[in-house]
Asks: 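Submitted below is the structure of interest, expressed as structure tokens.
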Amino acid sequence: MIETDVLVVGAGPAGLAAALALKRGGFSGRVIVLEKARAVGNHVLSGAVIDPSGFEDLLTADEIAKLPVEAHVTRESFRFLTGSGAGWRIPWVPPMMRACGYPVGSLTKCVRYLAELAQDAGVEIYPGFSVVELVERDGMVVGARTGEKGVDSRGHHKSNYLAKEEIRAHVTLLAEGAVGILTERLIAKHGLVGARPQSYALGIKELIELQEPKAGSGGEIMHTFGYPVNMTTYGGGFVYHVSDSQVMVGYAVGLDYADAGLNPHELFRRFKETTAVQRHIAGGKSVAYGAKVIPEGGFYALPKPSVPGCLILGDGAGLLDSLRIKGVHLALLSGRIAAEAILAGGDVASEYERRLRQSKGYAEVRRVRNVHGGFSYHSLVGVMMAGFAWMTFGRFPFWTVGRRHRDSQTLKRIREDAPADQLPISSPLSPDRLTDVFLSGTVHEEDQVSHVRIIDAKRCEMCEKRYGQPCTRFCPAEVYRSDTGVVRVDFSNCLHCKTCRIKCPFENVEWSFPQGGDGPRYTRM
């Protein structure tokens, strides 16, 4: 058994901010950060145009200036796409979307930079360890256990076997990101759920390398809404020039969509084929890929973020500005607030909640509390409600807007006459899903128990009749394949986005912990 004062689960922005803020605040105790990825940053994915306010009161001005980004936003545009063309350019960028001067680049690299600062301050960081269980005593979290490593698919110990390890801690910080298993279990066990179920979007992203660099293009960004989704489906895309030779392209679609035939990866490919996007990436080549889910339920879906001995940070706490689709600065803020609560002593859980509710970040989430709900009716309704919410500081609409059910319950029966996708199978800028998985660097040791399991085959049969096996489409990594009507699972492709946990209409997927160190290996996303 290992003893520590503070245990942080997850070396993302929230967890590292908490650890760094603790040490810089004069905390003399031991701080351990455990990360399930092979290396810090390997499982971190974002746009990323970062609101720099999250670094304030955490880093010095000199450290902020040294963030590993090559560009800051210099030019921005906002477009409504109506088809494969350029769409309509909005003559002005809505105030809430403006990002001029913000750093734009790889969140993976920024997280590694934070990890270096934290280690220099005395934080112990151990990648390659999955934390699989919280330890509770009399209703209080007192630590956690790591998973076994070196167990084959039959449950036998291999030569590299490593047993579970229990870590005892005075305070445990959960910074797992969205749909973290430990976080979800804690929320369910202690009844921490928000007023409404959390809703998510799936974000898909590629890094495009241009064969001919465009001088002066670094820092140019574009956001879009509309095509390729219809007017009743929440979705939008982005193009970020992180340097003169590299462009990040991404598309996000709300997982509360109703069309059982929808394929997010195909939407992403269609988005890249539009004239508006081709203007930025033509002649380039996809060199990296990733996907993750984004908590977009907003203010009404925020869970109670603490129990005695344990605090929930960042995406796990639902902290995202659903209008700007920005959460990195809120994750950093939640980590810093968690550190302040620990340093204050006393009832850490209550102090964390009090400070969080009084923060600018909490007010930001409250201001846009009805934004995502408006888009569930129609895109134009959503746009109008977003504008009203921003102008009135969230006072209008004053009633609660949106659906009251989980994303898994929104699908309609699949249409037999649904049109098939007509995109080419593969091109330098439109890789298929398996090629994209290769670009993500994803690695899982094949000889282990699958961390993805279909619970009941009979439910799959019912799902096929009603929805036409949607898992074979909504998974951005082709983990699920149809073999003569039977769904087969290839866990080795998994990007750990957990879309299947969210969108399966029969909630028939069990997602457990893969071996520590497995999964995607993002290096510049």
Side-chain angles (χ1 to χ4, degrees), residues 45-47 79-84 87 178-179 198-206 222-239 248-274 276-277 289-298 315 320 322-327 371-383 386 402-403 406-412 414 418-419 421 423 430 433 436 467-468 470-480 495 497-505:
L45 186 72
S46 179
R79 285 185 180 271
F80 174 60
L81 301 184
T82 56
S84 60
V179 202
Q198 185 60 266
S199 183
Y200 297 90
L202 170 63
I204 298 175
K205 174 186 170 185
E206 284 179 354
M222 177 182 73
H223 290 98
T224 75
F225 69 104
Y227 180 88
V229 294
N230 59 35
M231 297 299 284
T232 57
T233 303
Y234 186 72
F238 65 83
V239 177
M248 289 180 173
V249 181
Y251 196 83
V253 59
L255 290 178
D256 56 356
Y257 66 81
D259 179 8
L262 187 146
N263 183 320
H265 191 269
E266 290 301 322
L267 292 179
F268 177 52
R269 295 171 79 191
R270 290 184 205 169
F271 171 70
K272 289 188 294 177
E273 295 294 326
T274 62
V277 178
Y289 173 78
K292 67 164 289 187
V293 292
I294 308 162
E296 291 195 335
D315 279 2
L320 181 103
S322 57
L323 180 55
R324 300 193 296 158
I325 317 297
K326 292 195 183 303
V371 168
H372 186 78
F375 282 92
S376 65
Y377 298 111
H378 193 280
S379 292
L380 293 180
V381 174
V383 169
R403 298 187 175 105
R406 297 187 297 276
D407 291 340
S408 61
Q409 300 172 319
T410 60
L411 286 182
K412 295 180 179 178
I414 195 166
D421 294 312
L423 280 175
S430 289
R433 281 186 288 181
D436 265 335
Y467 307 111
C471 59
T472 62
R473 292 180 291 277
F474 62 57
C475 175
E478 208 168 303
V479 170
Y480 304 91
L495 296 172
C497 70
K498 304 190 184 79
T499 301
C500 51
R501 292 272 324 273
I502 299 164
K503 195 57 184 174
C504 175

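When reading the values below, keep in mind they use all heavy atoms of this one structure, side chains included, and skip hydrogens, waters and symmetry mates.
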Asks: Got Arg270 and Phe268 here, is their nearest side-chain heavy-atom distance under 4.5 Å?
Replies: no
Asks: Would you name the heavy atoms of Lys498 and Val179 that are closest together and state the gap between them?
Replies: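 Of all heavy-atom pairs spanning Lys498 and Val179, the closest is CD-O, 3.0 Å.
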Asks: Of all heavy-atom pairs between Ala291 and Leu202, which one has the smallest distance, and what is that distance?
Replies: CB-CD1, 4.3 Å
Asks: Enter the distance from Cys497:SG to Ile204:CD1 here, rounded to the nearest 0.5 Å.
Replies: 8.5 Å
Asks: Find the distance between OG1 (Thr233) and CG (Leu255) and round it off to the nearest 0.5 Å.
Replies: 11.0 Å
Asks: Could you verify whether a donor N or O on one side chain and an acceptor N or O on the other, from Ser84 and Glu273, lie under 3.5 Å apart?
Replies: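 The criterion, which ignores hydrogens and geometry beyond distance, is not satisfied for Glu273 and Ser84.
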Asks: Take Leu81 and Phe271, measure what side-chain contact (heavy atoms from CB on, under 4.5 Å) needs, and give me the verdict at the end.
Replies: CA-CA 9 Å; Leu81 301 184; Phe271 171 70; 3.9 Å; yes
Asks: Are Lys412 and Asp259 close enough that some pair of their side-chain heavy atoms sits under 4.5 Å apart?
Replies: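 A side-chain contact is absent here, since even the closest heavy-atom pair is not under 4.5 Å.
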Asks: Among residues at least two apart in sequence or on other chains, which ones pass salt bridge (Lys or Arg N to Asp or Glu O under 4.0 Å) with Arg501?
Replies: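 Scan of Arg501 (salt bridge (Lys or Arg N to Asp or Glu O under 4.0 Å), adjacent residues dropped) gives Glu184.
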Asks: Identify every side-chain donor-acceptor pair in residues 473-480 under 3.5 Å, counting partners at least two apart or on other chains, and give the distances.
Replies:
residue	atom	partner	partner atom	Å
Arg473	NE	Ala260	O	3.2
Arg473	NH1	Gly468	O	2.9
Arg473	NH2	Ala260	O	3.0
Arg473	NH2	Tyr467	O	2.9
Arg473	NH2	Gly468	O	2.9

Asks: What are the two closest heavy atoms between Leu267 and Val229, and how far apart are they?
Replies: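 Of all heavy-atom pairs spanning Leu267 and Val229, the closest is CD1-CG1, 3.7 Å.
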Asks: Report yes if some heavy atom in the side chain of Phe80 is under 4.5 Å from a heavy atom in the side chain of Thr224; otherwise report no.
Replies: no
Asks: Holding to side-chain hydrogen bond (donor to acceptor under 3.5 Å, both in side chains), I want the full list of residues that pass it with Lys503, two or more places apart in sequence or in another chain.
Replies: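 Lys503 satisfies side-chain hydrogen bond (donor to acceptor under 3.5 Å, both in side chains) with Thr410 only.
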Asks: Please verify the inter-ring angle class for Tyr289 with His265; under 30° counts as parallel, over 60° as perpendicular, anything in between as tilted.
Replies: perpendicular
Asks: Minimum heavy-atom separation for Arg79 and Ala276, please, with both atom names.
Replies: CD-CB, 4.0 Å
Asks: Should Glu296 and Ile325 count as side-chain neighbours, where that means a heavy-atom distance under 4.5 Å?
Replies: yes
Asks: Salt bridge check, Lys292 against Asp315: does any charged N sit closer than 4.0 Å to a carboxylate O?
Replies: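 So Asp315 pairs with Lys292 through a salt bridge.
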Asks: Below 6.0 angstrom between ring centroids: does that apply to Tyr257 and Tyr234?
Replies: no
Asks: Kindly say whether Arg406 contributes a backbone atom to a donor-acceptor pair with the side chain of Gln409 at under 3.5 angstrom?
Replies: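 The answer is yes, because a donor-acceptor pair under 3.5 Å joins these two groups.
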Asks: Where do Leu45 and Gly290 come nearest, in terms of heavy atoms and distance?
Replies: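 Taking Leu45 first and Gly290 second, the nearest heavy atoms are CD2-C, 3.4 Å.
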Asks: Between the main-chain N or O of Met248 and the side-chain N or O of Lys205, is there a donor-acceptor pair closer than 3.5 Å?
Replies: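 Answer holds: no.
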Asks: Lys272 and Val249: side-chain contact (heavy atoms from CB on, under 4.5 Å), yes or no, with the steps?
Replies: CA-CA 8 Å; Lys272 289 188 294 177; Val249 181; 4.0 Å; yes
Asks: Working to the nearest 0.5 angstrom, can you tell me the gap between His223 NE2 and Phe225 CZ?
Replies: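 If I round to the nearest 0.5 Å, the distance is 12.5 Å.
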Asks: Determine the minimum heavy-atom distance between Gly83 and Tyr227, stating which atoms define it.
Replies: O-CD2, 3.2 Å
Asks: Are any non-hydrogen side-chain atoms of Pro264 and Tyr251 less than 4.5 angstrom apart?
Replies: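 Pro264 vs Tyr251: side chains apart.
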Asks: State the CD1-NZ distance between Ile294 and Lys326, to the nearest 0.5 angstrom.
Replies: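 So the gap between those two atoms works out to 11.0 Å.
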